[in-house]
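To start, the structure under review is shown below, and the notes come after it.
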Amino acid sequence: MTPVSPTGPAGSASPAGPPSPASPTGPAAAGAVTAVTAVTRRERAAGIVQRSGAYLVLALVVLVASLAFDSFATTGNARNIAIQSSFLAIVALGMTFVIISGGIDLSVGSVFALGGVLAAYGMRWGSLAAVLLPLAVCGAIGLLNGVLVGYGRLAPFIVTLATLLGARGLLLVITDEGSITRVMPADSLLVRLAQGSVLGLGWPVWIVVVLFALGAVVLNRTRTGQSVLAIGASRDAALLMGLPVARRTTLLYLASGLLAGLAGALAAAYSGSGVTIVGVGLELDAIAAVVIGGTLLTGGAGTIGGTLCGVLLLRVIQNVINQIGTLGSSYQSVVSGAFLVVVVVIQAYLSREQRL
Amino acid sequence: MEAVLEARGTGKRFPGVVALSGVDLALRPGEVHALVGENGAGKSTLIKVLTGVYQPDDGTLLLGGEPVRFGRPLDAQAAGISTIYQEVNLVPLLSVARNLFLGREPRTRLGLIDTRAMDARAAELLGSLGVHADVRRPLRTLGLGTQQMVAVARAVAAEARVVVMDEPTSSLEPREVATLFDVVGRLRSQGIAVLYVSHRLDELYRICDRVTVLRDGRVVHTGPLAELPRLRLVAAMLGRDLDEVRREGSTRFDGASSVASGAPVLEATGLARRHVLDGVSLTVRPGEIVGLGGLLGAGRSETARAIAGAMAVDAGTVTVAGRPVRTGSVPAAMAAGVVMLPEDRKADGIVPGLSVRENIALAALPTLSRAGIVSRARQDAIVDRFVTRLRIKASGPDQKVGELSGGNQQKVLLARLLARNPKLLLLDEPTRGIDIGAKAEVQGLIDELAAEGLGVVLISSEFEEVVEGSDSVVVLRDGRVVATLHGAEVTEDALISALAADGD
């Protein structure tokens, strides 16, 4: 780590003349209150890699896969990856905000499955109910998480672990221990939406595009987004600055629950039925995608685009393993896991380099 | 004149401690009101009550004559009470402009943050305070002093009626202090009430109109500051006779401590690290207090950190009591008997959530445990000894250190270091942020420790403290030793002229 010279390279007012000897007037001679740069070039480079490393790796993996497999760089396969990514992406979007705020939401996998089953259940009253019912229930679970974490000051890990179990249980109750699988009629509006496409891309993909664009605007250009960053960086500082910490925190978990429910409903409609076995471990995929995307697991920094990139990376790796064929699908987890370890190690190194 | 903010009969109790009792404080528009008191007198608690961090157990708060209740900091801020805390409480990763306007960003018609307007207003605001920085850069890329000025700017920008400043100058350079005082003057002329907390008496007499003195959670004096001579102020704070204070002086260092002799406890030679240290050599004998003089950035803390193993060096050797010590390793230095009191006790020292006992015993655990099991009895014995010896004011060894005042936290840290029976004590700003009474006590302790044969390296940004407290002073500039003063040569004048001399 290179130390900082008081007359650093950037922003300093001192002219590039000969070094002035210490003046007898003492500290006052240190100059006006000009910002002293405390960041070296190396730290800045580390910051850039931290923020955009995922994009580089994604581009690299896509390039290699395209060269290695004829069937990879086809429109059909790209569409396939896009649609497969979309459900995880919606879940990971909520997770990004939660992790930036310094929290974690383990319940999203269960909530995702619950959303799917509720969508199929609600279909008897029409497509609108098939969307609203999961949103209402999953939103309520998210709200419960949020209130307990935000106002109750309970550890998010435990709170969302409890709702993970609770939602799974609820799921088994309404499906009679998983024995009932409700089929969603293929001619219903929701199913047609989930399976249909426009301009060559499935509707779920477009929903992801819209949601992520909204998410990026919210994070960077609204007071809510800024307060999320502040809460994640230092909850005490956020409180002392007068930010509505508890309310914002609650909102985040609510949003995470809603998004997981929405993703579940869309996924169920896409597959045509609400099954209970989906979504196991999905929360971990979402967390992995967020972290690979450059969001600090400790909170306070992260980007929406990075998360999208992380999701795509996970799904591309999955796709590549499928292309290889000889490797069983079980290896997907092994490779994803190994990849995650590498990313986390690099992140830790980069954070240290930047002295975060 | 009616007070803009008034606290009447304020009481606040914590488990085992009455922090405030029947405290009255009235802030009038356009006055700078000093709040002084020893550590643990209740200043911080009172500020937290005024700013909505704590709810008082007794008493009422009046805002413009109307009773109010602040349930949380947000309420107080909405009522026009801004606070600048001692430690910068901002978000380091966000840009300067975003920090300035967090929670009240200017917005476009769409409700989105208007970044361009925000950056422009931020630059303008900082410019008006004499700070020139790129407001789009992350806050953490600025120096600590500049960060503090950003906190000031944030408070000023809030259209406050009352601005509370808790030790705002403790991390500022003299030039920045002057800028801050300009700002305080401007606030006063705008009819804003400023509550100014500081232990630096010079500052108080320069800018404050009235003063309230707290002692043991009660108001012992309130009135115009100009009518209260310094000695009386100190006497009121300490609760002592005027004569007693006059006799002892406000600091208790006795300059003529025994001249150290014997084999050096520390010999550091040629410590070097690119851009930081350029061949610093240092010798400390048992019982000797060696001060490190120099301006900020001269390499004082870095020298101490290098000796303590907390910073790797490119070259140089450290020898403790005649035996070479591997550099760049804290455990190695500690095993050799070197301990260091870090500059930032909040970040690098105490564990606020643990009790006094645990904090003291932490570093001594290896010597207190057998086969990995910690002996509670031996732990208690050591803790008791140091609590008594260092006069740590706590409700008991089980009180959380985070609840203690700054001076007592510092003593807990000192106790932790001493529990290891060190040979060499490195003290980086041991009295920063603690008030006069506790300061004198800490300084007295340092003298006592040296008298018992400990080698001490003392770093302080207050020249007076270095000069009065040290047997010899090593003057650093740009990471190099430019002069060494011994015995009678150790004077403030000599130190300053050594700093100012054209050494190249």
Side-chain angles (χ1 to χ4, degrees), chain A residues 1-8 10-11 13 19 21-40 43-44 47 217-218 220-223 225-227 229-234 236-247 296 299-302 354-356, chain B residues 51 53 72-78 83 85 88-94 96 98-99 102-105 107 111-113 115 129-134 137-138 140-143 145-146 149 154 173-176 178-179 273-276 295-297 302 477-478 496-497 499-504:
Chain A
M1 210 186 300
T2 323
V4 179
S5 78
T7 51
S23 126
T25 45
V33 189
T34 300
V36 172
T37 180
V39 172
T40 61
E43 280 182 60
R44 214 170 301 155
V217 170
V218 167
N220 298 309
R221 296 292 296 274
T222 66
R223 291 183 180 179
Q226 292 299 300
S227 52
L229 284 164
I231 292 167
S234 164
D236 286 341
L239 269 177
L240 291 175
M241 277 192 269
L243 301 177
V245 172
R247 201 164 66 213
L296 288 181
Q354 295 172 83
R355 291 181 294 177
L356 289 180
Chain B
T51 55
V53 178
R72 48 198 180 137
L74 187 59
D75 298 338
Q77 281 175 30
T83 316
Y85 297 93
V88 180
N89 265 299
L90 296 172
V91 184
L93 284 170
L94 289 182
V96 174
R98 288 187 185 252
N99 267 292
L102 206 55
R104 46 166 191 267
E105 294 92 344
R107 290 189 283 194
L112 301 180
I113 295 172
T115 32
L129 300 184
V131 179
H132 301 285
D134 183 351
R137 284 181 31 197
R140 56 182 279 272
T141 62
L142 305 183
T146 318
M149 291 308 288
R154 184 181 158 84
E173 295 286 329
R175 178 68 168 258
E176 294 168 325
T179 312
R273 186 185 159 108
R274 213 161 73 85
H275 294 317
V276 186
L295 301 175
L296 211 63
E302 289 77 6
R477 200 174 68 209
D478 299 334
I496 291 170
S497 55
L499 282 174
D502 196 348
D504 299 275

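Throughout, protein chains are lettered first and strands after them, A, B, ... in sequence-line order, and every chain is numbered starting at 1.
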Between [Y] and [X], is there a side-chain heavy-atom distance shorter than 4.5 Å?
| X | Y | answer |
| --- | --- | --- |
| A:L240 | B:T83 | no |
| A:L239 | B:R72 | no |
| A:M241 | B:V91 | yes |

Greatest number of heavy atom pairs closer than 4.5 Å to chain B - which of A:A230, A:A238, A:S234: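 Heavy-atom pairs under 4.5 Å are most numerous for A:A230.
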
Residues which pass salt bridge (Lys or Arg N to Asp or Glu O under 4.0 Å) with A:D236, listed by chain and number, not counting sequence neighbours: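 A:D236 satisfies salt bridge (Lys or Arg N to Asp or Glu O under 4.0 Å) with no other residue.
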
Interface moiety of B:L102 toward chain A, non-hydrogen atoms closer than 4.5 Å: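 For B:L102, the contact with chain A is made by backbone and side chain together.
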
Region of B:Q77 that comes under 4.5 Å of a non-hydrogen atom in chain A: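 Only the side chain of B:Q77 comes within 4.5 Å of chain A.
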
A:Q226 side chain vs B:N99 backbone, donor-acceptor pair below 3.5 Å: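 No, because the side chain of A:Q226 does not come within donor-acceptor range (under 3.5 Å) of the backbone of B:N99.
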
Minimum-distance pair of heavy atoms, taken over all atoms of B:L112 and A:V217: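 Heavy-atom minimum between the residues: CD2-CG1, 3.5 Å.
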
Test log, rule side chain to side chain contact (heavy atoms under 4.5 Å, CB included), inputs B:L74 and A:L243: CA-CA 7 Å; B:L74 187 59; A:L243 301 177; over 6 Å; no

Those residues that, when tested against A:S227, pass side chain to side chain donor-acceptor pair (under 3.5 Å) (two or more places apart): A:R248

